[in-house]
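In what follows, a structure is listed as structure tokens, so that the remarks can point back to it.
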Amino acid sequence: MAASKSQGSYFGLFLVGATLLCGGVAYLASGTGRLLLLLGAVISFAAYVGFRRIKPLEGKTPVESGPETMKWMGAGVALLGWLITLGGLHVVEGNGARIVLALVGIGASLLGMLYVLPAAFNKKAFWKIGPGTSARSSLAPVAGKSMVEPAYTATPHAMESAR
Amino acid sequence: MRSLLRNHFLALCIFALASTVAGIAYAQAPATNGQPPAAPPAVSPATAELREAAAKAPTSADLQKGDPGGTLTGSIADVTVTDAKAGVTLPDVGSQVGQNKVAINFVWTLICGFLVMFMQAGFAMVESGLCRVKNANHTYMMNFLVYGCGLLAYWLIGFAIQMGGAAGNANLGGLNPLNAEQTISLFGKSWGIFGKTGFFLAGSSYDVGVMVIFLFQMVFMDTALTIVTGACAERWKFVTFSVTSVIMGAITYPLFANWAWGGGWLSQLGTNLGLGKGYADFAGSGVVHSVGGLTALAVCMIVGPRIGKFNRDGSANPIIGHDISAVLIGCFILAFGWFGFNPGSTLGASANGNLRIGTIAVDTMLAGCTGTFGAILYMWIFKGKPDASMAGNGLLAGLVAITAPSGFVSAPSAAIIGLVAGVLVCVSVSFVESVLKVDDPVGAISVHGTNGLWGVLSVGLFADGTSNYGGSWNGVTGSVTGLFYGDASQLTAQLVGISTLLGVVFTLSFAINMALEYVIGHRVSAESELNGLDIPEMGQLGYPEFVFRAEPAMARAA
């Protein structure tokens with residue numbers, strides 16, 4: 001789909017919703033604050049619905065969906081590492097032991113980030129899949145389009161906006 | 001007869017009363033030994049001296065003749081007086097000195113903030129130069145809009161979350177309106193979580209000092225945001241980038257920045273648990289660069305590699321940027337801006353040990369220099385050529401690594417930290433590409449993420465305990481001192497900071513961007529990507545006279 005009027009509209013809606021939400025948070029104690037919060041939530045939800053609605057219009061992207069559970073597990077392991085470090089601060093008193101537990105925590109986080117997550121994302125990576133089963137099958141004809149098709153070159157109208 | 005008697009009695013009473021009053025008055029009067037009392041002095045000696053100096057000050061007639069030597073301009077006559085009749089008094093001079101101190105610190109912090117703001121131009125040039133010409137407009141525009149997205153979000157809520165409880169900075173007049181930090185009580189201690197004042201810079205936050213700290217912290221936040229745009233360049237949907245930048249400027253960055261700089265729990269590790277002086281990150285290797293680099297890693301994984309980057313066997317194809325001159329000039333602009341980043345983080349040039357700004361600036365220069373050498377020598381020795389883009393990344397890696405320790409280390413330590421960073425960035429770039437299979441066109445994950453973490457760690461190793469920013473750091477008396485200078489507990493505080501960056505910041509960024517992947521989608525279509533994002537995403541080419549050609553790597557992949 002590329003950039004479009006709908007995208008711009010929903011992004012504008014998102015900004016308005018976010019501004020109202022922040023206003024609501026800032027003045028939460030007052031009635032006006034709660035009203036702003038409610039309005040912000042409604043407008044943000046409208047932006048969410050709009051974004052969801054136009055998402056399929058983007059067209060075929062090369063990214064294949066991977067194992068979602070494994071992705072979240074990787075993030076969970078990264079978070080677990082932090083909890084190990086925090087726990088270490090309270091479970092042990094000695095500085096040496098705290099350093100060891102902090103290193104164990106960092107190791108666990110790195111395991112989640114650098115092993116589990118890449119494995120999850122690369123399991124069905126598009127560059128591993130053969131032609132005909134991914135977006136790459138159409139690369140060659142599309143790659144030359146910009147040289148031959150007017151739709152892919154700058155129009156005089158587009159250049160006007162720069163001036 | 002009765003009337004006569006009454007008159008005599010009245011006269012006697014008046015005499016007695018008068019005698020009593022006179023006696024009391026005499027008793028209260030100082031002894032004069034018979035001499036008349038001396039007149040009290042009209043003014044104190046100090047005030048008299050001030051008046052004498054004021055009388056000797058150059059007059060407007062003197063100044064009308066010009067002052068080529070600069071010896072007449074600026075005298076006691078320029079001190080603002082509260083009472084023109086009384087002339088210059090000691091309180092007037094005291095107020096002027098105090099205001100001058102704060103004024104010097106305001107000007108210093110603002111100018112350094114302006115320098116950091118200019119770094120956006122450097123980032124734009126580096127990132128666009130390392131991308132292909134068909135994506136130049138898109139990459140420049142991401143670097144352009146990230147400034148607005150970040151600034152808006154930070155003004156709305158980010159600043160309040162980060163600095164809402166940061167009152168007490170003597171350099172900037174106290175920042176007293178920023179006095180509300182949300183805390184939780186855990187294990188018998190109170191821990192700061194996020195600030196609660198400063199929304200919209202309205203109400204009590206409409207304050208001269210608050211405005212200065214807002215500007216300075218805002219440009220730091222924007223630096224973190226712009227790191228992500230480079231790592232995800234050439235395939236990132238513009239609308240998703242815009243939304244995620246707003247969220248990062250509103251939540252992710254301010255939260256960690258509060259924990260480190262805004263009086264949050266990481267800065268309290270010293271006071272609450274006795275871990276050195278608490279998490280110490282002088283100018284933001286962790287707060288700015290690691291946050292940006294780790295977010296870049298999270299988004300890069302989600303958005304996936306560019307088409308043609310990896311072959312079916314997993315080997316990587318080099319995708320060469322279009323303008324190495326832009327890259328190297330951009331690096332110089334960044335190095336220039338870094339003089340705002342690091343020395344500016346004293347938040348002042350006057351009092352509280354702020355004269356260390358010279359050391360900080362030299363440390364910054366040296367680490368950038370040795371970082372460049374580290375990368376150039378690594379590439380030259382192991383790959384055969386002194387690669388230009390890696391040389392630029394080596395410079396930036398050295399600067400990123402010295403950002404946290406710059407306020408606490410000596411020049412030789414800075415040189416070592418930079419050299420290690422220069423080598424580390426080369427190793428990390430190779431690891432990210434070859435092992436993780438993550439496509440980072442500009443090396444942002446390695447430059448900012450890896451070396452940001454190295455910078456945080458190096459504080460715990462190299463801080464020499466000679467700095468003295470008002471006698472304490474994070475509320476703990478004394479100077480930040482690392483393992484090599486005798487304080488192992490500071491290293492523990494730094495490791496806790498690193499663990500938080502990896503465990504919380506990365507995970508939070510990942511979760512936010514996964515949610516955006518479900519709602520909006522991060523990736524542009526294959527067709528847009530292959531033809532370049534300038535037309536489909538921006539509506540106009542960055543370089544309209546250029547003729548594109550099909551790229552061999554893509555044709556081969558197809």
Side-chain angles (χ1 to χ4, degrees), chain A residues 1-3 7 11 14-15 18-19 22 25-26 48 51-52 55 58-63 71 75 78-79 81-83 85 89-90 95 98-99 102-103 105-106 109-110 113-114 117-118 121-122 125-128 131 135-140 142-147 152 154 158-159 161-162, chain B residues 134 156-157 187 199-200 237-239 242-243 246 273 297 301 304-305 307 310-312 436-438 488-489 491-492 495-496 498-500 502-504 506-507 510-511 514 519-521 523-528 530-532 535-541 544 547-551 554-555 557-558:
Chain A
M1 176 176 77
Q7 282 186 358
F11 179 57
F14 164 76
L15 289 181
T19 305
C22 293
V25 171
Y48 162 80
F51 280 134
R52 288 280 295 178
K55 188 189 172 195
E58 181 62 35
K60 178 70 180 164
T61 69
V63 179
K71 289 176 188 173
L79 186 64
W82 176 64
L83 294 175
T85 302
L89 291 177
H90 300 289
N95 191 56
R98 282 175 169 173
I99 288 181
L103 289 173
I106 289 170
S109 291
L110 289 175
M113 290 168 58
L114 306 182
L117 273 173
F121 278 101
N122 291 332
F126 69 88
W127 46 266
K128 285 183 176 175
R136 290 191 311 151
S137 58
S138 60
L139 297 194
V142 178
K145 265 189 176 176
S146 61
M147 291 185 290
Y152 289 91
M159 287 310 297
S161 67
Chain B
K134 64 182 181 178
L156 293 177
I157 192 170
F187 304 105
F199 292 93
F200 297 88
K237 207 193 278 187
F238 196 75
V239 66
S242 306
V243 173
V246 170
L273 295 179
L297 176 62
M301 283 179 179
I307 294 170
F310 294 111
N311 301 314
R312 207 166 300 158
L436 301 184
K437 307 292 179 203
V438 169
S489 67
L491 180 64
T492 313
L495 288 174
V496 173
I498 290 172
S499 184
T500 307
L502 297 173
V504 180
F506 175 82
T507 308
F510 180 81
M514 278 298 280
V519 177
I520 314 174
R523 185 76 179 228
V524 295
S525 69
E527 191 177 2
S528 296
L530 286 169
N531 288 283
I535 292 293
E537 288 288 309
M538 312 316 309
Q540 111 184 43
L541 292 170
V547 176
F548 296 161
R549 60 182 167 77
E551 293 173 51
M554 290 175 187

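Computation of the quantities below employed the complete heavy-atom set of this structure, encompassing side-chain atoms and omitting hydrogens, waters and symmetry-equivalent molecules. Note on naming: letters A, B, ... go to the chains in the order of the sequence lines (proteins, then strands), and numbering restarts at 1 for each one. Owing to the predicted nature of the structure, the values given are computational and were not obtained by experimental measurement.
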Is the shortest side-chain heavy-atom distance between Phe506(B) and Ser109(A) below 4.5 Å? no
The interface call for Asn95(A) against chain B, heavy-atom contacts under 4.5 Å, is both
Separation between CD (Glu58(A)) and CD1 (Ile520(B)), nearest 0.5 Å, reads 11.5 Å
On a heavy-atom basis, the closest approach of Ala526(B) and Pro62(A) is N-CD, 3.9 Å
Report task. Side-chain contact test, heavy atoms from C-beta onward, threshold under 4.5 Å: evaluate it for Phe14(A) versus Val246(B) and give yes or no. Result -> yes
Closest non-hydrogen atoms of Leu156(B) and Cys22(A), given as atom of the first, atom of the second and distance, are CB-SG, 3.8 Å
When the 4.5 angstrom heavy-atom criterion is applied to Tyr48(A) and chain B, the contacting part is both
In terms of heavy-atom contacts, Ile498(B) and Ile106(A) come closest through CG2-CD1, 3.8 Å
Nearest heavy-atom contact between Arg312(B) and Lys128(A) is CG-O, 3.8 Å
Ranking Leu110(A), Leu79(A), Leu103(A), Leu15(A) by heavy-atom pairs under 4.5 Å to chain B gives rank one to Leu79(A)
One option among Val438(B), Val496(B), Leu297(B) has the most heavy-atom pairs under 4.5 Å with chain A, and it is Val496(B)
Residues Leu502(B) and Ala78(A): closest non-hydrogen pair is O-CB, 4.2 Å
When the 4.5 angstrom heavy-atom criterion is applied to Leu83(A) and chain B, the contacting part is neither
Could you tell me if the side chain of Phe121(A) sits less than 4.5 Å from the side chain of Lys437(B), heavy atoms only?
no
Closest non-hydrogen atoms of Ser528(B) and Ala2(A), given as atom of the first, atom of the second and distance, are OG-CB, 4.3 Å
Can Thr500(B) and Trp82(A) be counted as having a side-chain donor-acceptor contact under 3.5 angstrom?
yes
(Q) Within the structure provided, determine whether Phe510(B) and Leu117(A) are in side-chain contact (heavy-atom separation under 4.5 Å). (A) yes
Next on the checklist: Would you say that Lys60(A) contacts Ser525(B) through its side chain, given a criterion of any heavy-atom pair below 4.5 Å between the two side chains?
Outcome noted: no
dist Leu495(B):CG -> Arg98(A):CZ (nearest 0.5 Å) comes out at 12.5 Å
- prompt: Side-chain contact, heavy-atom cut-off 4.5 Å: Val239(B) with Phe51(A)?
  reply: yes
